[in-house]
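Encoded as structure tokens, the structure appears first; notes follow it.
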There are 2 protein chains.
Amino acid sequence: MSSCAACPVRDLSFCNALSDEELDHLNRVSSDVSLTTGQSLFDEGAPADHVFNVTSGAMKVYKLLSDGRRQITGFLFPGDFLGLSTRDAYAYSAEAVCSTQLCRFNRQKLEHLLRDFPKVERRLLGIANDELALAQEQMLILGRKTAKEKIASFLLMLSRRAKKSGSQSNPIALPITRTDMADFLGLTTETVSRTITQLKSSGLITLLPGNEVRLESLEALEDMAEGE
Amino acid sequence: MSSCAACPVRDLSFCNALSDEELDHLNRVSSDVSLTTGQSLFDEGAPADHVFNVTSGAMKVYKLLSDGRRQITGFLFPGDFLGLSTRDAYAYSAEAVCSTQLCRFNRQKLEHLLRDFPKVERRLLGIANDELALAQEQMLILGRKTAKEKIASFLLMLSRRAKKSGSQSNPIALPITRTDMADFLGLTTETVSRTITQLKSSGLITLLPGNEVRLESLEALEDMAEGE
DNA sequence: CGCTCAGTTGATCATTATCAACTTGGGTGG
DNA sequence: CCACCCAAGTTGATAATGATCAACTGAGCG
């Protein structure tokens, strides 16, 4: 039986708006979910019965066109909330990037609980606003940046994110395939691969064993990401 | 002196969560703003002292790269809220697309008021979620659709939006320049112009005097927008 | 009346996609 | 334990979509 009070991401997540006692109420409507790499959590259009919180691992959320073209709209890491922007049906599909644990809430029950805890609602509004800001940044990347700028922006984003959640932010973990990076950045796997090779040869990054990347010059990468 | 109770967009906006009496409190912290075409409301990075609600006209919000490349992240129409996704500083610039009226709220005061009106907070959360869903749709458009699909999606979006706010949804008003469309869709003005010409010659749309566009077949446009 | 800006159209270019072959590495079964 | 297998990644050659550069049109406005 899981305990919210002992949750490893409690400090990162929306639940940190609650006291220990209040957390008990939340605990009663939550359960755990475990996913293996590539396993689907839900599909776009399915009835949105639950919302989730990532506790370990990583998720990707994406939208598909009928011919198979895919746009990954976000990656979610420990502490991230999954299920905002959802009314009756999920607006996107969600899938595990690697072995991932989530905690699951019944949507109805959680919404009912929210009425007693306006603090949590305020926190969710803040989270939604942060996600909106991220989405706008991503639109700038997708609509106006070159392949090089996109990759640089992406690596920096991962680094900042890692720092925010207390992981090491310089040699960063890159559990994401070229295909997923491509579908996130509006490129093809080949272009991603070539661009990373370029960054490597120009000395801006180094690929380390175990899917890690060392950013050799944050400053140079930031300039590149902003097109300077 | 403006009156929230007589506001033309009251039904469309976040304020509709309030009773007449509660609306008085809101009234006291609001004032009116009038902008002419092209006039700037605020710039990215400026201290975010106010939030706004569009009452008539249309706004665009955008982000810039240092070399002048621009990504418009959204157009705002009567009833739309402006200032979500903002913490201390505005995350984007905002400018009037045509002659536009807004009502303005002091951020601090509004946030203070929110504590007394959790209904409004819930409403804002809903609005933020809707915006997130729109943003995700836009990412799909920017990252994975062709020029033709982008233009078709955009015209349909305008039509749906007009319907939602009670305007006529078929010959749609298009107060937006080719340049702005291009910066919204990640294209150039030339490509927008050529693509619209193509849609026109294939009989899917007709340009009418007064910047109106008639969508000749919603179904065909929808198929095109989804890449079918 | 002419000026300016938005829009259109044409010619050419370049970035990135596409198609294809090959390499690498991790996991599994013989 | 080794060898094989498959998926992910890399690299190369060519193609295509949309960008760029340029000239021209037309409408609104001083």
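Keep in mind that the numbers below use all heavy atoms, side chains included, and drop hydrogens, waters and symmetry copies. Protein chains get the first letters and strands the later ones, always in sequence-line order, with residue 1 at the start of each.
At a cut-off of 3.5 Å, with distance as the only test, no side-chain donor of A/E95 or A/S40 sits close to an acceptor on the other residue. Side-chain contact of B/R104 with B/N53: a donor-acceptor pair under 3.5 Å is absent, judged by distance alone. Side chains of A/K145 and A/S153: a donor on one and an acceptor on the other come within 3.5 Å.
In this structure, B/L187 atom CG and C/dG7 atom P are separated by 14 Å, rounded to whole Å. Atoms CE (B/M181) and P (C/dT8) sit 10 Å apart, rounded to a whole Å. The interatomic distance linking A/I176 (CD1) with D/dA8 (P) rounds to 14 Å, in whole Å. Atom CZ of B/R178 is separated from atom P of D/dT25 by 19 Å (rounded to the nearest Å). Here C/dT8 presents its P atom at 12 Å from CG of B/L199, a figure rounded to the nearest Å. Rounded to whole angstrom, the span from the CG atom of A/D180 across to the P atom of D/dG9 amounts to 9 Å. Here D/dT17 presents its C1' atom at 14 Å from CZ of B/R144, a figure rounded to the nearest Å. The separation between A/L174 atom CG and D/dG9 atom P is 9 Å, rounded to whole Å.
B/G186 comes within 4.0 angstrom of sugar-phosphate atoms only, judged by non-hydrogen atoms across all strands, and of no base. Contacts of A/T189 with the nucleic acid, taken as non-hydrogen atoms under 4.0 Å apart, are absent.
Using cut-offs of 30° and 60° for the angle between ring planes, the B/F14 and B/F81 rings count as perpendicular.
Distances were taken from every side-chain heavy atom of B/E190 (C-beta onward) to each of C/dG10, D/dG18, C/dA17; the shortest belongs to C/dG10. When the nucleotides C/dT16, C/dG10, D/dA8 are ranked by their closest atom to the side chain of A/T177, D/dA8 comes out on top. Closest contact between the side chain of A/S193 and the listed nucleotides C/dT16, D/dG18, D/dT11 involves D/dT11.
Between A/T197 and D/dT11 there is a side-chain N or O to OP1 or OP2 distance below 4.0 Å. The side chain of A/T188 places no N or O atom within less than 4.0 Å of a non-bridging phosphate oxygen (OP1 or OP2) of C/dT16.
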A/Q101/A/V33 under side-chain contact (heavy atoms from CB on, under 4.5 Å): CA gap, chis, key distance, verdict: CA-CA 6 Å; A/Q101 313 267 119; A/V33 181; over 6 Å; no

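A donor-acceptor contact under 3.5 angstrom links the side-chain atoms of B/R194 to the base of D/dT20.
Taking for each of B/T146 and A/V192 the nucleotide of DNA chain D with the nearest heavy atom, the 5'-most of the two is the partner of A/V192.
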